[in-house]
Amino acid sequence: MYHSKISGLGFYVPENVVTNDDLSKIMDTNDEWIQERTGIKERRHVIKGEDTTTSMGVKAAKIAIERSGVSYDDIDFIIFATLSPDYYFPGPGVLVQRDLGLKTVGALDIRNQCSGFVYALSIADQYVKTGMYKNILIIGSELHSHGLDMTTRGRGVSVIFGDGAGAAVISREEDLTKGILSTHLHSEGQHAEELSLIAPGMGKRWVNDIIADNDPNDESYFPYMNGQFVFKNAVVRFSEVIMEGLQANNLQVSDIDMLVPHQANLRISQFIQQKFKLTDDQVYNNIQKYGNTTAASIPIALTEAWEQEKIKSGDTVVLAAFGSGFTWASAIIKW
């Protein structure tokens with residue numbers, strides 16, 4: 001039995017910066033309103049034709065692989081987390097295999113939205129621990145902007161989300177005191193529709209239904225979020241899953257060197273920070289710059305924290321996420 005470790009990290013965001021003031025020109029909103037509710041100052045949006053969910057993932061992956069010291073030929077599995085794939089099918093995992101020129105390794109696509117990267121990390125951890133694979137590439141990538149309602153009608157959701165990608169290489173660790181110590185995954189489908197995009201889908205409305213109705217007021221193909229309900233559940237589940245991870249490893253809150261929460265809303269992160277009495281140096285947030293990038297948010301934030309030397313060898317790092325599904329998850333890592 002082995003442990004697994006993060007041997008390389010990378011991220012990519014589009015160059016196109018969209019500020020709150022930019023959004024105020026196309027919808028009834030303003031910088032103060034957005035910052036007060038979300039903490040977001042700006043986000044990145046892909047200019048059509050310049051990037052896709054896959055291409056951003058590939059760019060992040062190249063950085064992660066280079067930093068890992070692992071060769072492309074040594075990557076023996078791919079896990080891709082996204083809610084915004086290039087195609088309805090096939091998923092982006094196989095496109096990454098193609099575009100990176102990897103061997104014909106397995107590619108797995110997972111749909112766990114904001115918790116997607118931690119779910120991917122957990123799956124990779126199990127494969128490496130059991131000895132099935134040695135080096136797994138995991139990617140969280142999202143292109144939200146092309147599917148948002150960029151009008152006043154959609155402002156409650158559209159101001160929150162940004163585009164970007166993060167990646168990590170998960171490799172074998174012989175030292176059982178280091179690496180990924182544990183992961184913890186949960187779901188509660190009872191609230192699935194409280195944060196969702198219903199159409200097009202085979203369950204209720206497919207593309208032919210949308211075309212046949214030709215209804216300009218149809219909002220079924222735009223994201224829906226019951227904001228207050230999501231917030232209330234998020235702060236509870238974040239707290240629970242962080243404590244679950246700490247207790248599983250006989251750790252205390254005081255043992256946390258760095259908490260990297262999913263960047264859903266700065267107010268959620270601040271609530272958790274205050275509840276656990278963590279200092280600013282113990283929590284990393286970058287939603288102010290990038291918005292909520294769903295499955296990409298944790299690997300982008302984790303990479304930035306590592307690049308800024310806020311994470312050092314021997315540190316206890318906690319990853320935690322909550323999102324659509326509802327799903328929530330945590331990972332405890334000894335760096």
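Computed from heavy atoms alone, side chains included, the values below leave out hydrogens, waters and symmetry copies. As the structure is a prediction and not an experimental result, all values here were calculated from the model. Each residue takes its place number in the sequence, starting with 1.
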A.B. asks: What distance separates Thr53 OG1 from Ile139 CD1, expressed to the nearest 0.5 Å?
C.D. replies: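 Output value for this atom pair is 11.0 Å.
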A.B. asks: Determine yes or no for a side-chain-to-main-chain donor-acceptor pair under 3.5 angstrom, with Ser297 supplying the side chain and His262 the backbone.
C.D. replies: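 No, Ser297 side chain to His262 backbone: no donor-acceptor pair under 3.5 Å.
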A.B. asks: Just checking, is any N or O donor in the side chain of Thr82 or Ser84 under 3.5 Å from an acceptor N or O on the other one?
C.D. replies: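 Side-chain D/A pair, Thr82 to Ser84: present.
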A.B. asks: With the 4.5 Å side-chain cut-off for hydrophobic clustering, are Phe161 and Ile268 part of the same group?
C.D. replies: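 In one cluster: yes.
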A.B. asks: Check salt bridge (charged side-chain N to carboxylate O under 4.0 Å, His left out) between Glu193 and all other residues, then give those that pass, not counting sequence neighbours.
C.D. replies: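 Glu193 satisfies salt bridge (charged side-chain N to carboxylate O under 4.0 Å, His left out) with no other residue.
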A.B. asks: Tell me, please, whether Phe322 has Arg237 positioned over its six-membered ring: NZ or CZ under 6.0 Å from the ring centre and within 45 degrees of its axis?
C.D. replies: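 Ring-cation test returns no.
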A.B. asks: Under 3.5 Å, is there a donor-acceptor pair linking the side chains of Thr183 and Asp125?
C.D. replies: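 No, because no side-chain N or O of Thr183 sits under 3.5 Å from a partner of the opposite role on Asp125.
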A.B. asks: Quick one: are His184 and Val118 in side-chain contact, heavy atoms under 4.5 Å?
C.D. replies: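 In short, these two side chains do not touch, never coming nearer than 4.5 Å.
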A.B. asks: Using the salt bridge (charged side-chain N to carboxylate O under 4.0 Å, His left out) criterion, which residues pair with Asp163? Sequence neighbours excluded.
C.D. replies: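 None.
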A.B. asks: Gln282 side chain to Thr279 main-chain N or O, any donor-acceptor pair under 3.5 Å?
C.D. replies: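 Yes, Gln282 side chain to Thr279 backbone: donor-acceptor pair under 3.5 Å.
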A.B. asks: For Trp33, is the NZ or CZ atom of Arg155 found under 6.0 angstrom from the centre of its six-membered ring and inside 45 degrees of the ring axis?
C.D. replies: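 The answer is yes, since Arg155 meets both limits relative to Trp33.
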A.B. asks: Under the salt bridge (charged side-chain N to carboxylate O under 4.0 Å, His left out) rule, collect the residues that match up with Arg153, sequence neighbours excluded.
C.D. replies: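 Partners of Arg153 by the salt bridge (charged side-chain N to carboxylate O under 4.0 Å, His left out) criterion, ordered by chain and then number, come out as Asp149.
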A.B. asks: Quick one: do Arg172 and Ser4 satisfy side-chain contact (heavy atoms from CB on, under 4.5 Å)? Show the steps, please.
C.D. replies: CA-CA 5 Å; Arg172 181 180 293 180; Ser4 70; over 6 Å; no
A.B. asks: Does Gln308 CD have over 12 foreign heavy atoms under 6.0 Å away?
C.D. replies: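 Enclosed.
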A.B. asks: How close do Pro223 and Leu148 get, counting heavy atoms only, and between which atoms?
C.D. replies: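 What the structure gives for the nearest pair is CG-CD2, 4.0 Å.
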A.B. asks: I'd like to know if Lys103 pairs up with Asp76 as an ion pair, taking the criterion as any Lys NZ or Arg NE/NH1/NH2 lying under 4.0 Å from an Asp or Glu carboxylate oxygen.
C.D. replies: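 Between Asp76 and Lys103 there is no salt bridge, as every charged N stays at least 4.0 Å from the carboxylate O atoms.
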A.B. asks: Is there a path of hydrophobic side-chain contacts, each under 4.5 Å between heavy atoms of I/L/V/M/F/W/Y residues, joining Leu108 to Leu100?
C.D. replies: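 Hydrophobic grouping puts Leu100 apart from Leu108.
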A.B. asks: Any side-chain heavy-atom pair from Pro261 and Phe238 closer than 4.5 angstrom?
C.D. replies: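 Yes, side chains in contact.
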A.B. asks: Assess whether side chain to side chain donor-acceptor pair (under 3.5 Å) is satisfied between Asp73 and Ser71, documenting all intermediate values.
C.D. replies: CA-CA 5 Å; Asp73 283 345; Ser71 74; 5.3 Å; no
A.B. asks: Looking at every heavy atom in both Ala321 and Cys114, which two are closest together, and how far apart are they?
C.D. replies: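 It is CB-O, 3.6 Å.
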A.B. asks: Closer than 3.5 angstrom, by distance alone: can the side chain of Asn292 be matched with the main-chain N or O of Ile287 as a donor-acceptor pair?
C.D. replies: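 Absent.
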A.B. asks: May I ask you to decide if Val46's main-chain N or O and Asp51's side chain share a donor-acceptor pair within less than 3.5 Å?
C.D. replies: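 No, the answer is negative, given that no donor and acceptor are paired below the 3.5 Å cut-off.
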A.B. asks: How about Lys289: does its NZ atom have over 12 heavy atoms from other parts shown lying under 6.0 Å from it?
C.D. replies: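 Enclosed: over 12 neighbouring heavy atoms sit under 6.0 Å from NZ of Lys289.
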A.B. asks: Under the side-chain contact (heavy atoms from CB on, under 4.5 Å) criterion, do Asn233 and Val236 qualify, and how do the steps go?
C.D. replies: CA-CA 5 Å; Asn233 278 266; Val236 172; 5.9 Å; no
A.B. asks: For the side chain of His3 and the backbone of Leu176, is there at least one donor-acceptor N/O pair under 3.5 Å apart?
C.D. replies: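 Yes, the answer is positive, given that a donor and an acceptor are paired below the 3.5 Å cut-off.
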A.B. asks: Using a strict 4.0 Å threshold on nitrogen-to-oxygen distance, state whether Glu173 and Lys334 make a salt bridge.
C.D. replies: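 Looking at Lys334 together with Glu173, the answer is no, because their closest N to O distance does not fall below 4.0 Å.
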A.B. asks: Does some side-chain heavy atom of Leu302 sit less than 4.5 Å from a side-chain heavy atom of Trp306?
C.D. replies: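 In short, these two side chains do not touch, never coming nearer than 4.5 Å.
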A.B. asks: I'd like to know if the side chain of Ser141 and the backbone of Met56 have a donor-acceptor N/O pair within less than 3.5 Å.
C.D. replies: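 It does not hold such a pair.
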A.B. asks: Nearest 0.5 Å, please: how far is CD in Gln97 from CG in Leu137?
C.D. replies: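 Answer rounded to 0.5 Å: 11.5 Å.
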A.B. asks: Pairing donors with acceptors under 3.5 angstrom, does anything connect the side chains of Asn20 and Arg43?
C.D. replies: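 Checked: Asn20/Arg43 side chains pair up, N/O donor to acceptor below 3.5 Å.
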A.B. asks: Given the rule in the side-chain contact (heavy atoms from CB on, under 4.5 Å) test, do Ile311 and Glu309 qualify, once you have shown the distances and angles that lead to the verdict?
C.D. replies: CA-CA 5 Å; Ile311 297 174; Glu309 300 183 345; over 6 Å; no
A.B. asks: Quick check for you: to the nearest 0.5 Å, what is the distance between Asp86 atom CG and Thr54 atom OG1?
C.D. replies: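 These two atoms lie 3.0 Å from each other.
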A.B. asks: Should the pair Tyr133 and Phe77 be assigned to parallel (<30°), tilted (30 to 60°) or perpendicular (>60°) ring geometry?
C.D. replies: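 Parallel: the ring planes of Tyr133 and Phe77 meet at under 30°.
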A.B. asks: So with a 6.0 Å cut-off around CG of Asp280, is the heavy-atom count from everything else above 12?
C.D. replies: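 At most 12 heavy atoms, drawn from other residues, nucleotides or ligands, come within 6.0 Å of this atom.
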A.B. asks: Does the His144 side chain pair with the main chain of Gly162, one donor and one acceptor, at a distance under 3.5 Å?
C.D. replies: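 Yes, because the side chain of His144 sits within donor-acceptor range (under 3.5 Å) of the backbone of Gly162.
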A.B. asks: Quick one: does any side-chain atom of Arg44 pair with a main-chain N or O of Pro14 as donor and acceptor, under 3.5 Å?
C.D. replies: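 At least one qualifying donor-acceptor pair exists.
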A.B. asks: Less than 4.5 Å apart, any side-chain heavy atom of Ser330 and any of Leu319?
C.D. replies: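 Ser330 does not reach Leu319 side chain to side chain.
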A.B. asks: Going by atom types only, do Thr327 and Asn112 share a side-chain donor-acceptor pair under 3.5 Å?
C.D. replies: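 No pair is found: no donor N or O on one side chain lies under 3.5 Å from an acceptor on the other.
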A.B. asks: Are Gln263 and Ile300 close enough that some pair of their side-chain heavy atoms sits under 4.5 Å apart?
C.D. replies: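 Answer no - side chains too far apart.
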A.B. asks: Testing the 3.5 Å rule here: is there a donor-acceptor pair between the side chains of Asn30 and Ser24?
C.D. replies: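 There is no such pair between these side chains.
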A.B. asks: Does CD belonging to Glu66 count more than 12 external heavy atoms closer than 6.0 Å?
C.D. replies: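 Not more than 12 within 6.0 Å, no.
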A.B. asks: Just by modelled atom types, is the Ile198 backbone N or O under 3.5 Å from a matching donor or acceptor in the Ser196 side chain?
C.D. replies: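 No: the side chain of Ser196 does not pair with the backbone of Ile198.
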A.B. asks: Over 60° means perpendicular and under 30° means parallel, so tell me whether His191 and Phe326 are parallel, tilted or perpendicular.
C.D. replies: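 If you compare the ring of His191 with that of Phe326, the planes turn out tilted.
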A.B. asks: I'd like to know if Asp175 pairs up with Lys178 as an ion pair, taking the criterion as any Lys NZ or Arg NE/NH1/NH2 lying under 4.0 Å from an Asp or Glu carboxylate oxygen.
C.D. replies: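 Salt bridge between Asp175 and Lys178, a charged N being under 4.0 Å from a carboxylate O: no.
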A.B. asks: With no hydrogens and no angle check, is any side-chain donor or acceptor of Ser122 less than 3.5 Å from a backbone partner on Tyr119?
C.D. replies: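 Such a contact is absent between Ser122 side chain and Tyr119 backbone.
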A.B. asks: Within a reach of under 6.0 Å around NZ of Lys129, are more than 12 heavy atoms found that belong to other residues, nucleotides or ligands?
C.D. replies: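 Yes, enclosed.
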A.B. asks: Are Glu174 and Tyr2 close enough that a side-chain donor and a side-chain acceptor fall under 3.5 Å?
C.D. replies: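 There is no such pair between these side chains.
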A.B. asks: Which atom names give the shortest non-hydrogen contact between Gly39 and Gln288, and what distance separates them?
C.D. replies: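 Taking Gly39 first and Gln288 second, the nearest heavy atoms are O-CG, 3.4 Å.
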A.B. asks: Of the non-hydrogen atoms in Gly93 and Asp109, which two are nearest, and what is the gap between them?
C.D. replies: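 The answer is N-OD1, 2.8 Å.
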A.B. asks: Between Tyr88 and Trp206, is the ring centre distance below 6.0 Å?
C.D. replies: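 Here the rings of Trp206 and Tyr88 have centres that are less than 6.0 Å from each other.
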A.B. asks: Does the side chain of Leu246 come within less than 4.5 Å of Asn249's, by heavy atoms?
C.D. replies: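 SC-SC contact between Asn249 and Leu246 ruled out.
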A.B. asks: Classify the side-chain pair Asp255/Thr316 by whether it contains a donor and acceptor separated by less than 3.5 Å.
C.D. replies: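 Distance-only check fails for Asp255 and Thr316.
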A.B. asks: Do Ile136 and Ile78 have side chains that get closer than 4.5 Å, going by heavy atoms?
C.D. replies: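 No, too far: nothing below the 4.5 Å cut-off.
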A.B. asks: Distance only, no hydrogens: is a donor on one side chain within 3.5 Å (strictly under) of an acceptor on the other, for Glu142 and Thr293?
C.D. replies: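 Note: Glu142 and Thr293 side chains miss the donor-acceptor criterion.
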A.B. asks: Would you call Leu95 and Tyr87 a side-chain contact if the rule is heavy atoms closer than 4.5 Å?
C.D. replies: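 A side-chain contact under 4.5 Å exists here.
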A.B. asks: Can Glu42 and Tyr290 be counted as having a side-chain donor-acceptor contact under 3.5 angstrom?
C.D. replies: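 No, no side-chain donor-acceptor contact under 3.5 Å.
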